Structure formats: C-alpha cells, structure tokens
Amino acid sequence: MSANATLLVVDDEAVICQACQRVFSRQGFQVETNTDARAGLAEALSKDYSAVLLDIKMPEMDGIQFLEALRKEKPDVPVMIMTGYPSIPNAASAVRLGASDYITKPFTPELIIQSVQRMLKRNLNEQEKTDNAAATVDMKVPRLFFLDESWVQLEIDGSALVGATLRHPEKAVQELNLPEEGDILYQGLPLAGVTFEDGSQRIVPSPISGVVISVNKALADDPGALFEDSFGAGWIACICSTRLEDESDQLTPRVVVLVNTDAVTAAKQQEQLTALGCRVVVADGDDSAVEAAKSSQNHVFFFDADSLGSRGPELVREVRSLGEGKKMIVMAVSDYRWETAYRDQGIFYYTIEPFVDNEIIDVLNDAFRRQPPSTRRTEHSRHPIKPLHAIQSTNRNGHKVQLLASPGLLSRYEGLGAAIVEKVMKHYLPIAMKTVDTEITPNVVLDVAKTCDRVMVLLSKDMGRLPGSLVRDTKAEYVSAARENASRATTLVVQPDATGWGFTGFEDRTTEALAEHIVNEMISY
C-alpha cells in the first residue's frame, strides 16, 4: 500500500469506520472517516482521495444519492460500496454510477484489503513499488520471525516479505505452486507448495495472514533459489499483514546459544547460523553457557563437540538442569569419542559437519517446529465414527453462531471436527452438536439464518489450490439463499486433500490452523 494514498470511509456505523481506519492505517494509508453522509460528501468533493468506501444504507442520504452527487463533479474517483445485502436495484444503480466494486458486510480485514487493492490497481501503479523493494532481506537488521520453516520480515508500512528455509532436496523439483497477487492467505495454511518428480509434495505454511501484494515470479524459472538463497532471491511473496497483533504470539525469532570455546570456529559458525536467520548468542565457556541457560528466551543450544572435549556431556547435563524444554544439539567435525556420552544426556540431535551438506537447515527447522496436538483422539477410539453436521455456540458477544458442514467432512472424535469442538470448549462457550449427516440445501441455510445471528457453511471443493487452502466466499449460493438475512451467512470453502474430497489427509498443523481460523470466526462475530 502507498504511504501517500488516502481513503475516505463514509458509514453511519461508527464501528465500521473505526475498523476500516484501523485496518488501512496499518497498511500506510491516511484514513478519514465520517458517519454523516452529507458531511462525508462535502469532504469527498473538496478533497482528492485515492478511494471512497461508501455504505449503501444511511439516514438523510443513502449511498446511491451520495454516489450520484459525487459523480457529477468527480467521475473518476474509485468508490467501493459496502452493503449488508446487495439488492438488484441498488447494484444496478451503483454500476450505472460507476462504483468500482461492492463488498458484503460483515467483512474480514483480508476481504476489504483485497477489494480495495483490486479497485486501486486499475488507478494506481502500487505493485511496482513492492516488486522493486522486495528483492532481498536485510540480514543486518534482526527482524526475521519464524513459523516452523516459514519466515517473515515485517516492513515499516505494514507489509511483510515471506519465504521459507528448506534444505535442497535430493529429488528434482517438478512444479512450484506459488500464490497469486490478490490471494488471501491465513497463518498456518498453505503459502506455497513444491511437487517433486516422484509425485510427493511439500507444503509451506504462511507465517501470517494477509493479502498478497506481489509474488516472486522468478522462482518459476529458478526454483533452486528457494533452497539455495532463501532470504535473498528465494523470497516467495510480499503480503499486507492483517492480523499481526493476534498472530504475533505464534511467531518466534530463532535465538540460539552457540557453546564453543574456540574463537576461530565459533566466529565461523556464528556467521553461518546468522545467514540462516538466527540470532546467535556465543558462549565461550562453562560460565557463559550456564548464564545463557538461565535466560527464559534461550531454548536451543548448539554445543561444539570438538572444542569442548570430555567436558561437553557434563556441561549439557548442567544446562538441561536449569530449565525445561531446552533442546541440546551437538555438532562434531572430527572428534566423535563422546557421542554415546552426549546421547546418554537425552540430547535433541547429534550431527556431524551439519554445515557441509546443509543438514543444519533441517536441524533448525526441527528444533523450532511447533508441536500441534494430534487430531486423532485416541481416548475415543472405541467409539464409532460420529459425523458432525452442525456445531452451534453462543459467543461472548451474545451472538448465536452455527457451523454447518457438508456430509462426511467432520467427525466428532477425529480430525478437523474434533479440533473445532475442542477449541470451542477451551473458550468455555456453550456448545451443541448435531451428528446426523444431512445434506446442506439453501432451505436449510435459510432456516438456520432465521434463528441464528450467524450461519457458516463449510464446504470441500477443488479450487485448484494447495490442500488445506481456505477461501471465504460471501457471494456463494448459500449466502444468497439467506435473502434478507444474507449478512448473517458466510461460506468457507476448503481445498480437499489428495483424495479429492475430505480433510483426513491434512498434516496435523494444517488441521489445527483450519480449526483455529474457523473458531475465531465463530467467536469474534
């Protein structure tokens, strides 16, 4: 987004104005708001805005009257219509008056940003800035954060470069699946995918949620850069982050303690680890290693076996005793005499010359990988499979929300269904479930929309995306079926696994991320 771009938001609901101001200010926009349509029109006529976001239903003057008056003097300013339900007469009038697009309330930060980006792309050349700026990561500034093997570098204007640290595979790359400009990404769900010559696939999770501004299209011609120059030519995309405040606790810097008493080899190892995105604390002896172990942020320790000699295993034991959850990694180059003694201390990894063949990348990814709970509920394995048709809860805002799932998608005790139920319960919210496998029809959605404040329809559909990808469709047939209650309906479409239908083949972390996003939508409405 451009730091010079200005938006005017006109909506009689102050909460919508505040939400738009919060979302777009983070993207570098200057945002002005007005809850009075007549005053907003005066501002739109007297100032030059990059775009206007306009509510369709307002007292005194509605959005169509506003747009008609604006077009008489400013025929070219982009206008986005915001509406609870786009009636045919209003939609036709808005198109006739040159509205660029419309968005249905309630909308997510990702959807409104995506819509405005699409609208401005026809008027602004915003993409050139990000394409030129997103060339390499500035490793001099430690702004890298990680989610498993994925990394993100946050920019001042609210955008973010994202990529992944992957070890060069032994198998040839057959295809690289990259996101497209304008795509909405969600934290923990697919960012990119690599398909190898044997048909196997590696999916890289997105470290943050947001809207894709630009994509490193050069990777299509040179996929090797993804493995060989992860933080340089191998970056994947530039994203407008949308939920950073809520998602930052899932991101971690890679802080490692390097225990090496030899200054020469320690300096080289520090340089190599820094080049892999780590923030390195060097401990040149027992005292400094113990002191580093007392810090709550230090959980990953690299011990240089060659420099420590026979003292190494005992030092590992001492460091481990100073706190739970510390991972001890031992690196050896020429002295392997103490391997058994190290392993007896319950170390996390023992590796020989890890920098030679880049095994260090796998070691780091394993050491910093999150451990999502298993989506198989073994304690209920004696129960027959129970399909879930609906999950209903009343959130803390007092709104009744119901999630409807297509037959066969959710199970009470396994996979995504179990994860959703578990997360709702962790929020201490009331929950009711229907276990009858029933087809979802427009009439079913209409009936639920009459009795609930929100109805969410979960579907599985081949969209040509990576397995686990999530798309929020506010214009689907089930939304239209809700008629005057359309603003209460949302369709969530998930790309199925390799079988082409269900969700059982997803990685646990993908299932966990899907459940997190679905439940967040249920409880935040």
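Source: prediction; values computed, not measured.
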How long is the straight-line distance from [atom2] of [Y] back to [atom1] of [X], given to the nearest 0.5 Å?
{"X": "F503", "Y": "T511", "atom1": "CZ", "atom2": "OG1", "value": "9.5 Å"}
{"X": "I391", "Y": "L404", "atom1": "CD1", "atom2": "CG", "value": "10.0 Å"}
{"X": "E314", "Y": "L308", "atom1": "CD", "atom2": "CG", "value": "12.0 Å"}
{"X": "S460", "Y": "L409", "atom1": "OG", "atom2": "CG", "value": "5.5 Å"}
{"X": "L226", "Y": "N216", "atom1": "CG", "atom2": "CG", "value": "9.0 Å"}
{"X": "K423", "Y": "I431", "atom1": "NZ", "atom2": "CD1", "value": "13.0 Å"}

Side-chain heavy atoms of [X] within contact of [Y], under 4.5 Å:
{"X": "R454", "Y": "E521", "value": "yes"}
{"X": "F506", "Y": "V494", "value": "yes"}
{"X": "F302", "Y": "I360", "value": "yes"}
{"X": "V424", "Y": "I523", "value": "no"}
{"X": "V421", "Y": "L388", "value": "yes"}
{"X": "K294", "Y": "V290", "value": "yes"}
{"X": "F231", "Y": "L144", "value": "yes"}
{"X": "V401", "Y": "N395", "value": "yes"}

Quiz item: Which residues pass the side chain to side chain donor-acceptor pair (under 3.5 Å) test with N358, sequence neighbours left out?
Solution: none
Taking salt bridge (charged side-chain N to carboxylate O under 4.0 Å, His left out) as the definition, give me every residue that meets it alongside [X], ordered by chain and number, with sequence neighbours left out.
{"X": "D183", "answer": "R465"}
{"X": "D286", "answer": "R311"}
{"X": "D246", "answer": "none"}
{"X": "R370", "answer": "D148"}

Self-check item: Residues E110 and R472 bridged, charged N to O under 4.0 Å
Solution: no
Quiz item: Is the shortest side-chain N to carboxylate O distance from R509 to E149 below 4.0 Å?
Solution: yes
Practice problem: Go through I113 and V116 one step at a time and tell me if the side-chain contact (heavy atoms from CB on, under 4.5 Å) criterion holds. | Solution: CA-CA 5 Å; I113 288 175; V116 170; 6.0 Å; no
Can you tell me if [X] and [Y] form a side-chain donor-acceptor pair at under 3.5 Å?
{"X": "E247", "Y": "S209", "answer": "yes"}
{"X": "D304", "Y": "S307", "answer": "yes"}
{"X": "D284", "Y": "T261", "answer": "no"}
{"X": "T265", "Y": "D306", "answer": "no"}

Backbone N/O of [Y] and side chain of [X]: donor-acceptor pair under 3.5 Å:
{"X": "R243", "Y": "I208", "value": "no"}
{"X": "S230", "Y": "A164", "value": "yes"}
{"X": "S321", "Y": "E318", "value": "yes"}
{"X": "D229", "Y": "A225", "value": "no"}
{"X": "Q495", "Y": "D462", "value": "no"}
{"X": "S241", "Y": "L244", "value": "no"}
{"X": "S469", "Y": "L466", "value": "yes"}

Exercise. Please assess L189 against T510 for the test side-chain contact (heavy atoms from CB on, under 4.5 Å), listing each intermediate value before the final yes or no.
Key: CA-CA 6 Å; L189 297 182; T510 300; 4.0 Å; yes
Quiz prompt | Pairs where residues 306-348 contributes a residue and the test ring pair (Phe, Tyr, Trp, His ring centres under 6.0 Å) is met, not counting sequence neighbours | solution = none
Quiz item: For residues 169-199, which residue pairs qualify under ring pair (Phe, Tyr, Trp, His ring centres under 6.0 Å), counting only residues two or more places apart or in two chains?
Solution: Y186-H517
Quiz prompt | ring-ring contact (aromatic ring centres under 6.0 Å, His included) against F227, all qualifying residues, sequence neighbours excluded | solution = H168
Exercise. Sequence neighbours left out, what passes ring-ring contact (aromatic ring centres under 6.0 Å, His included) with H427? Give chain and number order.
Key: none
Quiz prompt | Pair listing, salt bridge (Lys or Arg N to Asp or Glu O under 4.0 Å) test, anchored in residues 162-171, at least two apart | solution = R167-D357, R167-D362, K171-D198
Please give me the minimum heavy-atom distance between [X] and [Y], naming the atom from each residue.
{"X": "A419", "Y": "A515", "value": "CB-CB, 3.6 Å"}
{"X": "I329", "Y": "A367", "value": "CD1-CB, 4.0 Å"}
{"X": "L410", "Y": "G417", "value": "CD2-N, 3.7 Å"}

Self-check item: Derivation of the salt bridge (charged side-chain N to carboxylate O under 4.0 Å, His left out) call for E245 and R26
Solution: CA-CA 11 Å; E245 291 86 350; R26 294 173 187 150; 3.1 Å; yes
Quiz item: Do S206 and Q187 pass the side chain to side chain donor-acceptor pair (under 3.5 Å) test, and can you show the C-alpha distance, the side-chain angles, and the key distance before you say yes or no?
Solution: CA-CA 5 Å; S206 179; Q187 186 181 57; over 6 Å; no
Exercise. Would you please indicate if the ring centroids of F145 and W151 are separated by under 6.0 Å?
Key: no
Practice problem: Identify, with sequence neighbours excluded, every residue that meets side chain to side chain contact (heavy atoms under 4.5 Å, CB included) alongside R254. | Solution: F146, T165, C278, L364, N365, F368
Exercise. Begin with the C-alpha distance, continue with both residues' side-chain angles, and end with the deciding distance and a verdict on side-chain contact (heavy atoms from CB on, under 4.5 Å) for I361 and L166.
Key: CA-CA 7 Å; I361 293 176; L166 301 172; 5.6 Å; no
Acceptor/donor pairs from residues 172-179 side chains to any protein atom, 3.5 angstrom cut, sequence neighbours excluded:
residue	atom	partner	partner atom	Å
E175	OE2	N177	ND2	3.4

Exercise. Apply side-chain contact (heavy atoms from CB on, under 4.5 Å) to the pair F29 and V23, showing each step before the final yes or no.
Key: CA-CA 9 Å; F29 275 106; V23 167; over 6 Å; no
Quiz item: Out of V256, V319, V255, which residue meets the side chain to side chain contact (heavy atoms under 4.5 Å, CB included) rule with N298?
Solution: V255
Quiz item: So with a 6.0 Å cut-off around CG of N397, is the heavy-atom count from everything else above 12?
Solution: yes
Quiz item: How about K434: does its NZ atom have over 12 heavy atoms from other parts shown lying under 6.0 Å from it?
Solution: no
